[in-house]
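This report refers to the structure that appears directly beneath it.
What you are looking at is a predicted structure, and each value in this text was computed from that prediction instead of being measured.
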Amino acid sequence: PPPPASPRRTCSANASPDDPDPRETRMIPITPQSRYDALVKLREGKIGREIFSDREIYEEELERVFTRAWLFVGHESQVPNPGDFFTSRMGAESVILARDKKKKVHVFLNSCRHRGMKVCQYDHGNTQLFTCPYHSWSYTTDGKLFGVPQFKQLYEGCMDKEEWSLIEVPNMEVYKGTVWASWDKDAPDFLTYLGDAKAHLDLALDCRDGREGGSEVLFGVHKWIIPCNWKFAAENFLGDTYHNVSHRSVDLIGIGPSAEAGVKGRRDNEMEKAQHVWANFPAGHGVHSAIMPQDWEFLNTYQNNPVVAEYFREAHAKRKERLGAERHRLIPFVGTIWPNTSFHGNQPRNLCVWHPHGPESTEAWRFFLVDADAPQEVKDFLRIYYMRYSGPAGMTEQDDMENWNYATAGSRGVIARRYPFNYQQSLGKVSTDAPVPGNVSVQVSEENPRQFYRRWRDYMNGADWDTLLGRKDKEPASFAA
């Protein structure tokens, strides 16, 4: 009979037909660090399948990734008034985004300090107090413990209320309306964490006419659960245009904002003559953006509605005037801010958070963005187009979800885990001397995912912040061990 299995699997997930029998290598006990080094082989372009389905790895992600990285929590437009709140998530845990009486924004763990019951059971609303339904401890919107039943009789002299406030994140940043937070008190500030990815995220957060910030979330957040690992979704938005064949049926039908004018596809084809760039950044972020030609003139878009079409025509002219002839040429497509916040930057425009819901389950939250001062007719048009494209009923996203579902299932099998996934696309074809900052590819590439998993490996190995921010990187991911 075979010997008993080791409590830890090893590099069997990276085995190839020429490697030793994986039934033998699987029995070698290894340290956690060497395990993750074996699962992510950058220079070879191999990623072990088990990182997408293993329960133990998932639990370690919650501890090592989601307690340290900066995570998207929500948008200021969701809590405009004192007392407003929006219940969000950080990793697998519920948090409350709240604005207190003094209009200050907070992020709290949604957990009573007495027995852990949620103190907020609603998705959003306005309140003066968060009251636990279990034993009725109550908290003010700035997190302070306010009410404790029978306090004088049961607790006076034993408990200091000041010590039992709601647990608040030690690091929070409001950036152009978006709210980000980290549980790590030693985390770098958000802009340092963002690095040069900032220029691309800005393209999704700034007004269409080039004014800084100015976006708002359309009321309501799409939430749904997908039977896939969160990393497949996050990776997809690093710029995986290689999978476009999956959307062939949608492109043939035409669901874009000019479909009634006979324009096929999911979007208006304004990037047809652009130079596409895939760029990744030291902290693990990756984007796919486009540089338009120098003689770029406005292309008729949003032809289904003349009012909307004119709004975007005027916005294009004003953006060019504000940003200048060169800066306005950079336009957004998609991107992922490490680890799990992705964005569409143009058609459509939104943020999506891939919340870890289990090793083979992701809870997706999609926030649709519009200019806050856009005419209501424009907002209504965009809302319908955005839902047609993205979300649980979005015709494009349904294709993606099916891919991620089957990819996760394909990471589960005993035999399947013995053979790694191939991440060798455009291996080594990356430049640090390109039109935009970062490690840049000008052809379809998996360099962005390689950098993504480079940082994933570092987080899982418990690396310091200098490593996590890429300060110790000596070369792009293609050439790293």
Side-chain angles (χ1 to χ4, degrees), residues 11 13-19 33-52 195-197 199-200 231-232 234-246 271 274-291 330 333-339 342 403 407 411 418-461 463 466-481:
C11 55
N14 281 309
S16 71
D18 297 324
D19 288 336
Q33 180 165 349
S34 60
R35 180 192 192 190
Y36 295 120
D37 291 345
L39 288 169
V40 178
K41 295 184 175 181
L42 300 169
R43 192 177 299 154
E44 298 177 36
K46 296 178 180 178
I47 305 290
R49 297 188 188 211
E50 66 188 85
I51 76 170
F52 301 102
D196 287 330
H200 301 268
K231 294 185 291 298
F232 277 125
E235 173 194 317
N236 192 92
F237 279 80
L238 291 167
D240 180 6
T241 48
Y242 193 59
H243 79 284
N244 275 347
V245 64
S246 297
M271 298 186 189
Q275 169 65 67
H276 290 254
V277 292
W278 291 260
N280 64 73
F281 306 95
H285 322 305
V287 302
H288 170 195
S289 295
I291 302 173
L330 182 65
F333 196 65
V334 296
T336 291
I337 303 303
W338 165 266
S342 300
N403 292 331
S411 306
R418 298 177 183 176
Y419 300 91
F421 285 136
N422 182 297
Y423 280 77
Q424 297 174 340
Q425 188 181 103
S426 300
L427 189 67
K429 296 180 179 178
V430 58
S431 172
T432 56
D433 182 20
V436 294
N439 296 322
V440 180
S441 301
V442 293
Q443 66 182 49
V444 177
S445 172
E446 288 174 341
E447 186 67 11
N448 287 2
R450 287 189 286 268
Q451 179 70 5
F452 179 92
Y453 291 113
R454 180 191 211 172
R455 286 292 86 93
W456 178 88
R457 183 180 66 184
D458 289 335
Y459 273 86
M460 297 299 281
N461 283 335
D466 279 345
T467 300
L468 299 180
L469 292 174
R471 291 169 179 164
K472 298 181 181 179
D473 292 352
K474 297 179 181 179
E475 64 277 298
S478 282
F479 306 106

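When all heavy atoms of Ala407 and Phe421 are compared, the closest pair comes out as O-CZ, 4.2 Å. For the pair Arg454 and Ala480, the tightest heavy-atom approach, listed with the atom from each and the gap, is NH2-CB, 3.4 Å. Smallest separation of non-hydrogen atoms from Pro435 and Ile291: CB-CD1, 3.5 Å. Closest approach of Ile47 to Ile51, counting heavy atoms only: CG2-CD1, 3.5 Å. The two residues Phe452 and Ala234 make their nearest non-hydrogen contact at CZ-CB, 4.0 Å. Counting all heavy atoms, side chain and backbone alike, Ser426 lies closest to Val444 at OG-O, 2.6 Å.
In this structure a side-chain-to-backbone donor-acceptor pair under 3.5 Å is missing from Arg450 to Ala477. In this structure, the side chain of Lys231 does not engage the main chain of Trp456 through any donor-acceptor pair within 3.5 Å. Under a 3.5 Å cut-off, the side chain of Asn461 and the backbone N or O of Ala463 do not form any donor-acceptor pair. Side chain of Glu446 to backbone of Gln425: a donor-acceptor contact under 3.5 angstrom is found. Remark: side-chain polar atoms of Thr336 are not paired, donor with acceptor, to backbone N or O of Glu235 under 3.5 angstrom. Glu447 places a side-chain N or O within donor-acceptor distance of the main-chain N or O of Ser478, the cut-off being under 3.5 Å. No donor-acceptor pair under 3.5 Å is formed between the side chain of Thr467 and the backbone N or O of Lys472.
The shortest distance between side-chain heavy atoms of Leu42 and Val40 falls below 4.5 Å. Looking at Tyr459 and Pro339, their side chains never come closer than 4.5 Å, going by heavy atoms from C-beta outward. You'll find the side chain of Asp473 reaches within 4.5 Å of the side chain of Gln451, heavy atoms only.
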| said: Please determine whether salt bridge (charged side-chain N to carboxylate O under 4.0 Å, His left out) holds for the pair Glu475 and Arg43, giving the CA-CA distance in whole Å, both sets of side-chain angles, and the decisive distance to 0.1 Å. | reply: CA-CA 11 Å; Glu475 64 277 298; Arg43 192 177 299 154; 5.8 Å; no
| message | For Ser289 and Leu330: C-alpha separation, side-chain torsions, deciding distance, then whether side chain to side chain contact (heavy atoms under 4.5 Å, CB included) applies. | response | CA-CA 7 Å; Ser289 295; Leu330 182 65; 4.0 Å; yes
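To the nearest 0.5 Å, the span separating NE2 on His243 from CG on Asn236 amounts to 4.5 Å. Within the model, atoms CD of Gln424 and CD of Glu44 stand 8.5 Å from one another, a figure rounded to the nearest 0.5 Å. Taking CD of Gln443 as the start and CH2 of Trp278 as the end, the distance is 8.0 Å to the nearest 0.5 Å.
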Show me, pair by pair, the donor-acceptor contacts under 3.5 angstrom made by side chains of residues 280-287, not counting sequence neighbours?
{"residue": "Asn280", "atom": "OD1", "partner": "Asn439", "partner atom": "ND2", "Å": "3.2"}
{"residue": "Asn280", "atom": "ND2", "partner": "Asn448", "partner atom": "OD1", "Å": "3.3"}
{"residue": "His285", "atom": "ND1", "partner": "Trp338", "partner atom": "N", "Å": "2.9"}
{"residue": "His285", "atom": "NE2", "partner": "Tyr193", "partner atom": "O", "Å": "2.8"}

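Remark: Phe479 CZ is packed, more than 12 non-hydrogen atoms of other residues, nucleotides or ligands lying under 6.0 Å away.
Ring orientation note: the planes of Phe52 and Tyr453 are nearly perpendicular, at an angle over 60° on the 30°/60° scale.
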